[in-house]
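This report refers to the structure that appears directly beneath it.
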2 protein chains.
Amino acid sequence: MHTLIVVAHQNLAGSNTQSFLKETAALVPDATWLELGEQPLTAAEIATAQAQVRAADRIVLQFPLYWYSAPAKMWAWLEQVWVRGVVYDDDGGLLTGKTLGLVVNFGHPLRDYRLGGREGVTVDALLAPFAALARKTGLQMLPPLLIAEFARMTEQEHADLFVHYQQYLSLPRPDSQRQQAEWFAQQLSARGADLMADTLTDLQDESTQLHQTVRELRAGEVE
Amino acid sequence: MHTLIVVAHQNLAGSNTQSFLKETAALVPDATWLELGEQPLTAAEIATAQAQVRAADRIVLQFPLYWYSAPAKMWAWLEQVWVRGVVYDDDGGLLTGKTLGLVVNFGHPLRDYRLGGREGVTVDALLAPFAALARKTGLQMLPPLLIAEFARMTEQEHADLFVHYQQYLSLPRPDSQRQQAEWFAQQLSARGADLMADTLTDLQDESTQLHQTVRELRAGEVE
């Protein structure tokens, strides 16, 4: 299965969350990491992006929640690349058979996003435009992968995210327990138990470092 | 009451809906029409826009629904202009006392936007991010003014929109029947009944023309 990860961020280099995800995605055999940069795109860039969308079995839109939506960069990319004749036409969606994933990170705890919570609305409700977009283009939508307060996660939570994100990029049904178990078996068989354990340990060391750095940098505008 | 109308459109000059709204807004005494253009904004442009937001009693975000959301231009403007310290801080929203209006136009009939409808989701649900943004910044949100299939409206519907849009820009409570009645009384008294009737007639003539032009141009991508 080929996965296209479309990443929109105002300051990608400065995002610990995105750095972590990028390193993790690099371990997934058949995934393309597409960072959105300068816009508007040239005609050639649009054609390339449309070919990437066509070639993908899974399209993952990945971004921090900004003003309760995707960053402007993501919308600009969709406006330029996701046009009539490429993703839908009069007969319906042209992306039928593919899946849509959303990987959304944010700086507030998940408990803030509920009725009566600090934000007063669920993240699912805020992502309604993406469900409509999936419907329009024929994409089957996966439950979004929500990453709240990356900088405050424990090492164990970082390790869990490391696994879940890889599964999200590569499993037909990332929320299926059976497929998750098979994935672990494959990983162990393909890389050897030691390598897997090493990778996890390395990542935990790195995330501890990140954790500390980010805590020092935190000053209101968090993600 | 001073109203700031922030207009985001991919092709403003080509939009009959926006041309109609612009001419109508010009009749409202204390309204500023702000068309979003090239981005990113310069530091000076950001400062000007922030001053405009601070000076407004009502902020109206106006756009066609594009991929079930506001166009990228609107999000880019919000990212640059609506920042911590200007629209909210640690103590809460800094726009308290102001109102937020949304004027949203789209090419499908309103009946498509419901459970079981062609789009399968309500426009209100798609606008959830704006309700959250209002909550965060202290703005009181007005019911959105939805404009479906402008090109297919009857003359009477265009005349109704002409009135409702002016009321939306200028009445403290645009959905109050008492305030609507007072608004009519004021218009008649201020401009004279003849002038008001003339204006309506002119606009109906113009909209008939627009109606025909747009019908000829219609080819799939409608708004």
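In this text the structure is predicted, and so the values were computed from the model without any measurement. Residue numbers begin at 1 in each chain, while the letters A, B, ... track the order of the sequences.
No part of T122(A) comes within reach of chain B, as not one of its non-hydrogen atoms sits under 4.5 angstrom from that chain. Proximity to chain B is absent for every atom of V123(A), based on heavy atoms less than 4.5 angstrom apart.
Looking only at heavy-atom pairs under 4.5 Å with chain A, the residue among M74(B), Q39(B), E119(B) that has the most is E119(B). The most heavy-atom pairs under 4.5 Å with chain A, out of A132(B), A128(B), A76(B), come from A132(B).
The number of heavy atoms from other shown groups lying within 6.0 Å of CZ (R173(B)) does not exceed 12.
Within the 3.5 Å criterion, the main-chain N or O of W82(B) finds a donor-acceptor partner in the side chain of W67(A).
To the nearest 0.5 Å, atoms CZ (R135(B)) and CZ (R118(A)) are separated by 10.0 Å.
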